[in-house]
Amino acid sequence: MTFWDQAIEISRVDLRVERRMGDVLRIILPFAIIALLVFPLALGVDLSAITQLGPAVFWAIGVLFGMQVALRQAADDRPERRDLYALLGVDPAARFVGRTMSGSVLTVGFMIALLVATFVLYSPRLPSGWPGPVILAVLLTAVGLTELGTLAGEVTAGLRSRTVLASLIVAPLAIPLVIGGSQTLESLIRDTSILPWLLLLVATDLALAVAGVALARPLEEASR
Amino acid sequence: MRLDRVGTHVELEDAGVSLGGQTILRDLTLSVGAAEVLGIAGPNGSGKTTLLRLLATLTAPAQGTGRVLGAALGSSEVYGIRREIGLVGHIPTVVGELTLRENLDHATRLFGGDTARIERALQVVGLAEAADRKVEQSSYGMLRRTEAARLLITRPRLLLLDEAFSGLDVDAQQLIDALITRTTENGGAVVMVSHDASHLAERAGRVMAIAAGRLELAA
């Protein structure tokens, strides 16, 4: 079985498990929408402030809850399953890529649903032609977050305080993604170039992908 | 000393394992040949499971040397032979949210095996009727049978059994026996550990004892 066959199989099963368990759809997304609701309630009836804050709140909530989507696999990654994969000859890098693929699908879906909710709740004023750049920024941010979550899950594998530690690793390292995503939207509103921010997102995604693939084997061996 | 004699599947020379700074196994010298069944008996906490993890290449030796299926333990050579090792551990290894059939399908695909053999394997282990049950709806014995079906497909050259007979009915025990026979008939080797020496005496050509991390000949 080739590297990509293994990655696709891991991704396929991960998405099947999510379809049955519904962690993202039934738990994380409703909580994130509740968090979106809290801000307008706190701001009262100042509609212009709500409209202005919408994009910033979207990115803050999106990244914080997107982290939970990205880290959900780590919670289910038991040592016995890691051992089984090793003895089936699964390349740890293929496992990283497979989990990143399935996680990215879920995180992108989550962030797009959140974007729709933001429009409903905040009615942000965006210039015409915004959907393409914003969706691209959401896509790149979601992929980066998932790579980061998968990598953090590998770094903390086998540790007792894994869930908390993984979140602590992801939060500061997600800063380039938050800046890239939020500034893309901000640049659209100010009518300035979005290219530097999209490049920041692409560079972050690539760096995380290289790190994830290169470190997959050493991290797996170190986790035992 | 070179540890790659023809026909020797496992060879350890003064090997030791430390976990978390504590020495679990020490001075292990051991050889298991092709078509051999070795039993290792020992009480809880004696290091049996750690020994099997060492042989499964999932733990590297802290001292001494060793080779499994020709690959030097602790080196990158082990990555290439891991798929030829079958490990049945304390806890059946399955994905909880999948059915038994889906678990077998997943493992077969990752291994690169022939998925057409899944139905036959399920029949052999007696799970043809229950294969669409989810893991949470299945008994311990069914999960063990699923593992056995997986091993029928992956056909390991080195089969490692950790208390594999505990908690199983007679039919399921016979299934594990059939796996042992099949492995040795194909020139593979089997190492089984148990706290119950009677399980080992019936099946192993040679039985050793392990106590406080050291191996010795069984009385």
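Residue numbers begin at 1 in each chain, while the letters A, B, ... track the order of the sequences. Basis for what follows: all heavy atoms, side chains included, without hydrogens, waters or symmetry-related copies.
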Under the rule for side-chain contact (heavy atoms from CB on, under 4.5 Å), what residues qualify as partners of A:Phe31, not counting sequence neighbours?
A:Ile27, A:Phe65
Looking at A:Ala86 and B:Leu58, what are the two nearest heavy atoms and their distance?
CB-CD2, 4.2 Å
Give me the contact list for residues 134-142 of chain A versus chain B, heavy atoms only, anything under 4.5 Å, ordered by residue number.
none
So do the side chains of B:Leu110 and A:Leu84 get within less than 4.5 Å of each other, counting heavy atoms only?
no
Which of B:Gly89, B:Pro156, B:Ala107 touches chain A most, by non-hydrogen pairs under 4.5 Å:
B:Ala107
Test side-chain contact (heavy atoms from CB on, under 4.5 Å) applied to B:Ala148 - qualifying residues, sequence neighbours left out:
B:Val125, B:Leu175, B:Leu179
To the nearest 0.5 Å, tell me how far B:Ile81 CD1 sits from A:Leu87 CG.
9.0 Å
To see if you've got the definition right, give the donor-acceptor pairs under 3.5 angstrom between chain A and chain B.
{"residue": "A:Gln6", "atom": "NE2", "partner": "B:Leu110", "partner atom": "O", "Å": "3.4"}
{"residue": "A:Glu9", "atom": "OE2", "partner": "B:His106", "partner atom": "ND1", "Å": "2.7"}
{"residue": "A:Arg12", "atom": "NH2", "partner": "B:Asp105", "partner atom": "OD2", "Å": "3.2"}
{"residue": "A:Arg16", "atom": "NH1", "partner": "B:Glu102", "partner atom": "OE2", "Å": "3.3"}
{"residue": "A:Arg20", "atom": "NH1", "partner": "B:Glu97", "partner atom": "O", "Å": "3.1"}
{"residue": "A:Arg20", "atom": "NH1", "partner": "B:Glu102", "partner atom": "OE1", "Å": "2.7"}
{"residue": "A:Arg20", "atom": "NH2", "partner": "B:Glu102", "partner atom": "OE1", "Å": "3.3"}
{"residue": "A:Arg20", "atom": "NH2", "partner": "B:Glu102", "partner atom": "OE2", "Å": "2.7"}
{"residue": "A:Arg78", "atom": "NH2", "partner": "B:Val94", "partner atom": "O", "Å": "2.9"}
{"residue": "A:Asp83", "atom": "OD2", "partner": "B:Arg53", "partner atom": "NH1", "Å": "2.6"}
{"residue": "A:Tyr85", "atom": "OH", "partner": "B:His106", "partner atom": "NE2", "Å": "2.8"}
{"residue": "A:Glu221", "atom": "OE1", "partner": "B:Arg82", "partner atom": "NH2", "Å": "3.0"}
{"residue": "A:Glu221", "atom": "OE2", "partner": "B:Arg82", "partner atom": "NH1", "Å": "2.8"}
{"residue": "A:Glu221", "atom": "OE2", "partner": "B:Arg82", "partner atom": "NH2", "Å": "3.3"}

